[in-house]
Each structure stands twice: as C-alpha cells, then as structure tokens.
Amino acid sequence: AMGFPDPTYTDGYVISKPPRSPRLFWHYDWFAWEDPTAYDATPQQVFLMYYLSDTRPTNGCLRAVPGSHIHHNALHDLIAEPHSRGLSEAGANGAATTTRPDELDIPVRAGDLLIGDARLLHATHANDSEARRTVITLWFQPDFAGLPDRIKAQMVAKTHAIPDAWPADLRASVASLNPVYEGDADPYGRSLY
C-alpha cells in the first residue's frame, strides 16, 4: 500500500520500558548520513512499532521531531552519534533528554502500528506509571533493490540469523524477506541495533 512491492526485513526487538524509568534520549536510527542518498525523500529504512500496551506521555510514549528525517534540525548538532556511549553518558542533563519546542507526542493504543523513517529524531517520555510499556520494533527496507551497494552490504551484515528451533515454514517465510547482496562493497561497519 505504500508503493514498495519488494521490502526486505533485517531484524526486530521487543523493547520494554520498565515502570518508573527515565526518558529515552533523542536519537535517530540511521547509520549512513555520509551517503549522498541519505537525504532523499524516500525512506531507506523504516521501523514498524507494534504496541502491546496503550501509551501516553505519563507512561513513556514516543516523542518525535516532525520533518527531522529530511531537514536539518538544531538538535542534530547537539546530540552524539545514536546509540553510542557518548549519547548514553550525556545523561539527563544534556540536550539529549530535553523537551523540544518542535516535538510532537505520539500516544497510541495497544494493537496500533506506528511506521517511522529511521532518520527521524525521536525519544520517549519517562514511564512514570507502575506498569511496563512494551513495543515490538521491526526494521524493514522499503526498496532494498534501490539502495546503494554499501548500504545493501550493511543491511545484510545486520540481518539477524533465524533461530534453528523455529518450524521450517516460519523460517522460510522470514528468510524470504531477508536482504541478499552479492556485491563486493564494504558495509559501513556499524549498526544501530
């Protein structure tokens, strides 16, 4: 429905925000900003977040800066590389956890699916409730065939192995979505997840 007939899938995670936990810092989930195609309007990677619980600002809902996936934002200059030691060590006192005048809260209900561009600046509110806030996050590349070779190589390098214990039909269905790259380009050498 989004106009991408052959998406690929690399990996997924269950992310659970414990009760009484702090804000998640501002970050983006893209690794190839130095590639000229990183600023194209078409997303190179998207996250699909399937929420298992209702979210709101008081229990850690997602926050995002609209348009930050394709336009420079002052916050880009203030945060460290995403998912890096520098960013996590910045703690609650730095720009990485501030409330932004241009941020938007994204509350959802259990069962909702949120689709976002990996380049989007996003964070979460603190979970001030007594209950966990859980989401399943899946990473897809809408148009793998159209990606530059080095990005293709990185996507293949970050693809998780399918567990041997899975039934053969489930293994085959996931494997059919995994990216395949047979070129000789070097991957970027880092993965944000």
Side-chain angles (χ1 to χ4, degrees), residues 2 9-34 38-39 41 43-142 154-155 158-160 188 190-193:
M2 292 175 64
Y9 165 79
T10 52
D11 48 337
Y13 303 86
V14 175
I15 302 172
S16 188
K17 193 164 185 56
R20 303 289 170 199
S21 58
R23 290 177 163 196
L24 175 65
F25 45 78
W26 285 107
H27 67 286
Y28 49 80
D29 295 318
W30 187 237
F31 58 86
W33 288 108
E34 58 267 34
Y39 301 92
Q44 295 179 321
Q45 180 168 258
V46 295
F47 55 82
L48 275 63
M49 293 180 161
Y50 181 73
Y51 283 85
L52 304 183
S53 46
D54 292 351
T55 71
R56 54 198 174 282
T58 56
N59 76 337
C61 80
L62 191 70
R63 305 182 291 151
V65 177
S68 62
H69 61 300
I70 53 174
H71 299 291
H72 183 268
N73 185 283
L75 188 55
H76 284 113
D77 300 327
L78 301 174
I79 60 174
E81 183 176 335
H83 301 284
S84 69
R85 174 174 282 176
L87 184 55
S88 59
E89 287 177 352
N93 297 325
T97 57
T98 59
T99 298
R100 306 294 303 170
D102 50 355
E103 74 179 59
L104 178 69
D105 290 341
I106 308 173
V108 298
R109 295 193 327 225
D112 283 350
L113 178 67
L114 180 87
I115 301 173
D117 191 306
R119 301 169 293 177
L120 183 72
L121 284 168
H122 60 283
T124 69
H125 284 283
N127 183 356
D128 293 327
S129 77
E130 297 299 331
R132 278 189 181 277
R133 191 273 290 141
T134 304
V135 61
I136 298 172
T137 302
L138 306 174
W139 289 99
F140 285 85
Q141 299 72 49
Q154 182 62 32
M155 292 303 179
K158 84 179 207 102
T159 300
H160 285 195
Y188 276 91
R190 63 189 183 275
S191 177
L192 299 181
Y193 279 101

Original post:
Does one side chain, of S16 or T134, offer a donor that lies under 3.5 Å from an acceptor on the other?
Top reply: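 S16 vs T134: donor-acceptor pair found between side chains.
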Original post:
Is the closest side-chain donor-acceptor distance between N59 and D128 under 3.5 Å?
Top reply: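 No, D128 and N59 have no side-chain donor paired with an acceptor closer than 3.5 Å.
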Is there a side-chain contact between [X] and [Y] in this structure, where contact means two heavy atoms from C-beta onward sitting under 4.5 Å apart?
{"X": "L114", "Y": "L48", "answer": "no"}
{"X": "D29", "Y": "W139", "answer": "yes"}
{"X": "T10", "Y": "H160", "answer": "no"}
{"X": "V65", "Y": "W26", "answer": "yes"}
{"X": "M155", "Y": "F31", "answer": "yes"}
{"X": "N73", "Y": "H71", "answer": "no"}
{"X": "D11", "Y": "L138", "answer": "no"}
{"X": "V46", "Y": "P142", "answer": "yes"}

So how far is it from [X] [atom1] to [Y] [atom2], rounded to the nearest 0.5 Å?
{"X": "F25", "Y": "T97", "atom1": "CZ", "atom2": "OG1", "answer": "10.0 Å"}
{"X": "L121", "Y": "R100", "atom1": "CG", "atom2": "CZ", "answer": "9.0 Å"}
{"X": "Q141", "Y": "Q44", "atom1": "CD", "atom2": "CD", "answer": "10.0 Å"}
{"X": "M49", "Y": "F47", "atom1": "CE", "atom2": "CZ", "answer": "5.0 Å"}
{"X": "L75", "Y": "D102", "atom1": "CG", "atom2": "CG", "answer": "7.5 Å"}
{"X": "I15", "Y": "L52", "atom1": "CD1", "atom2": "CG", "answer": "11.0 Å"}

Subject >> Nearest heavy-atom neighbours spanning I79 and A96 >> reply: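 Scanning both residues, the minimum pair turns out to be CG2-CA, 4.1 Å.
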Give a yes or no answer on whether the side chain of [X] reaches the backbone of [Y] with a donor-acceptor pair at less than 3.5 Å.
{"X": "K17", "Y": "P22", "value": "yes"}
{"X": "S129", "Y": "A131", "value": "yes"}
{"X": "Q154", "Y": "Y188", "value": "yes"}
{"X": "R63", "Y": "I106", "value": "no"}
{"X": "R133", "Y": "G60", "value": "yes"}

Original post:
Between R20 and N127, is a side chain to side chain contact (heavy atoms under 4.5 Å, CB included) present by the stated rule, with each step listed?
Top reply: CA-CA 5 Å; R20 303 289 170 199; N127 183 356; over 6 Å; no
Original post:
Hey, mind stepping through R132 and S21 against side chain to side chain donor-acceptor pair (under 3.5 Å) and telling me if it holds?
Top reply: CA-CA 9 Å; R132 278 189 181 277; S21 58; over 6 Å; no
Subject >> Centroid separation H72 to Y39 less than 6.0 Å >> reply: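 For H72 and Y39, the ring centres are not under 6.0 Å apart.
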Original post:
Do H69 and Y28 make the cut of ring centroids closer than 6.0 angstrom?
Top reply: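 Judged by ring-centre distance (under 6.0 Å), H69 and Y28 do not meet the cut-off.
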Subject >> From CA spacing to verdict: side chain to side chain contact (heavy atoms under 4.5 Å, CB included), Q45, F140 >> reply: CA-CA 6 Å; Q45 180 168 258; F140 285 85; over 6 Å; no
Subject >> Listed once per pair and sorted, the salt bridge (Lys or Arg N to Asp or Glu O under 4.0 Å) pairs that draw on residues 105-114, sequence neighbours left out >> reply: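 Counting only pairs at least two positions apart or across chains, no salt bridge (Lys or Arg N to Asp or Glu O under 4.0 Å) contact touches residues 105-114.
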**OP:** Tell me, with the steps shown, if T137 and V14 meet side chain to side chain contact (heavy atoms under 4.5 Å, CB included).
**Re:** CA-CA 6 Å; T137 302; V14 175; over 6 Å; no
**OP:** Evaluate the ring planes of W33 and H76, with Trp represented by its six-membered ring, and classify them as parallel (under 30°), tilted (30 to 60°) or perpendicular (over 60°).
**Re:**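 It falls in the perpendicular class, over 60°.
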Subject >> Name of the residue among T124, T99, T98 meeting side chain to side chain donor-acceptor pair (under 3.5 Å) with R23 >> reply: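 One option only clears the test, and that one is T99.
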